[in-house]
Amino acid sequence: MSNGLKLAVVVANFNSLITKPLYEGVLDHFEAHGIVGEDYDTAYVPGSFELPVVAKRMAETGKYDAVICIGAVIRGATTHYEAVANSAANGILSASTSIGVPIIFGVLTCDTMEQALDRAGGKLGNKGGEAAATAIEMGNLMKKLGSEGKVTAPTW
């Protein structure tokens, strides 16, 4: 459950054929866990390259327990894919560790559009929902660490 979490989602508009269903997966997971409209805010950026700067700014406000980045980078005929995918991943990791707020990497990095569609609600599920689950788990963990200073082992 959400336990009073406040979450943020940053969605890349580029490759919206993929990012829109990923975002819908986030919202479906939120709804299933009692997270309603006032419990989250959404920002849109042009592409995955811009995700880290907006996610970092949102995390810096101190308003959010976790931030989810949603994007899709699909390999093309040039090296642009590597530059964007690596920059997004490194930027998101750097922002999260420097601020201490979980920033979840919900960016698909696929060789083909078919692979991306399979992961955006297709035959391999919806990775947006998985990103939302990670945000909820990490947000709750960070709250627990803040209030108790310790955590218990998982109950697998």
Side-chain angles (χ1 to χ4, degrees), residues 1-74 81 83-110 116 119-121 124-156:
M1 295 306 287
S2 70
N3 294 330
L5 292 177
K6 182 71 174 178
L7 303 171
V9 186
V10 186
V11 182
N13 286 321
F14 194 79
N15 284 323
S16 63
L17 181 65
I18 304 303
T19 61
K20 183 178 180 196
L22 289 172
Y23 180 57
E24 289 167 358
V26 169
L27 299 182
D28 289 346
H29 196 83
F30 281 178
E31 183 179 342
H33 289 84
I35 298 171
V36 296
E38 62 265 10
D39 297 332
Y40 66 90
D41 294 318
T42 303
Y44 296 90
V45 297
S48 293
F49 190 83
E50 293 77 28
L51 289 167
V53 69
V54 173
K56 181 177 181 183
R57 178 63 57 92
M58 293 181 92
E60 286 173 335
T61 68
K63 180 177 173 183
Y64 304 102
D65 297 298
V67 179
I68 302 167
C69 291
I70 296 295
V73 184
I74 300 168
Y81 166 89
V84 174
N86 289 334
S87 295
N90 291 332
I92 289 167
L93 175 62
S94 176
S96 184
T97 56
S98 70
I99 297 165
V101 172
I103 302 177
I104 310 307
F105 187 76
V107 179
L108 297 183
T109 55
C110 299
R119 290 159 177 78
L124 296 176
N126 191 311
K127 300 302 180 184
E130 292 178 20
T134 301
I136 292 168
E137 183 176 346
M138 288 300 296
N140 283 324
L141 175 61
M142 297 301 280
K143 278 187 155 204
K144 189 170 187 174
L145 283 171
S147 65
E148 299 175 18
K150 62 179 181 173
V151 294
T152 58
T155 57
W156 296 323

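Residue indices begin at 1 and follow the sequence shown.
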Considering all heavy atoms, the nearest S48-V84 contact: CB-CG1, 4.2 Å
Where A131 and G106 come nearest, the two heavy atoms and their spacing: CB-CA, 4.2 Å
Heavy-atom pair with the smallest gap, counting every atom of A120 and P21: O-CB, 3.3 Å
Closest heavy-atom pair and its distance - I70, Y23: CG2-N, 4.3 Å
Neighbour count >12 (heavy atoms, 6.0 Å) for atom NZ, K6: yes
Heavy-atom side-chain proximity of I92 to P52 below 4.5 angstrom: yes
Distance, nearest 0.5 Å, that separates CZ of R119 from CG of L22: 11.0 Å
Gap separating the CD atom of E31 from the CG atom of D28, nearest 0.5 angstrom: 6.5 Å
Which residues share a ring-ring contact (aromatic ring centres under 6.0 Å, His included) with F30, sequence neighbours left out: Y40
Straight-line distance of T134 OG1 to I68 CD1, nearest 0.5 Å: 8.5 Å
Y81 atom OH, over 12 foreign heavy atoms within 6.0 Å: yes
Where K143 and G4 come nearest, the two heavy atoms and their spacing: NZ-O, 3.4 Å
Contacts of type side chain to side chain contact (heavy atoms under 4.5 Å, CB included), residue P102, not counting sequence neighbours: A66, I104, M138, M142
Full working for side chain to side chain contact (heavy atoms under 4.5 Å, CB included) between K56 and S94: CA-CA 9 Å; K56 181 177 181 183; S94 176; over 6 Å; no
Side chain S87, main chain A83, donor-acceptor under 3.5 Å: yes
With E50 via salt bridge (charged side-chain N to carboxylate O under 4.0 Å, His left out) - residues at least two apart: none
Spacing of CD1 belonging to I35 relative to NE2 belonging to H29, to within rounding of 0.5 Å: 7.0 Å
Any donor-acceptor pair under 3.5 Å from K127 side chain to V107 backbone: no
Approximate separation, where rounding is to 0.5 Å, of I99 CD1 and T61 OG1: 9.0 Å
Main-chain N/O of L93 paired to S96 side chain as donor or acceptor, under 3.5 Å: no
Over all atoms of both residues, closest heavy-atom pair of A135 and L7: O-CD2, 4.4 Å
Rounded distance (nearest 0.5 Å) linking atom NE2 of H33 with atom CG of D39: 13.5 Å
N13 side chain near T19 side chain, heavy-atom distance below 4.5 Å: no
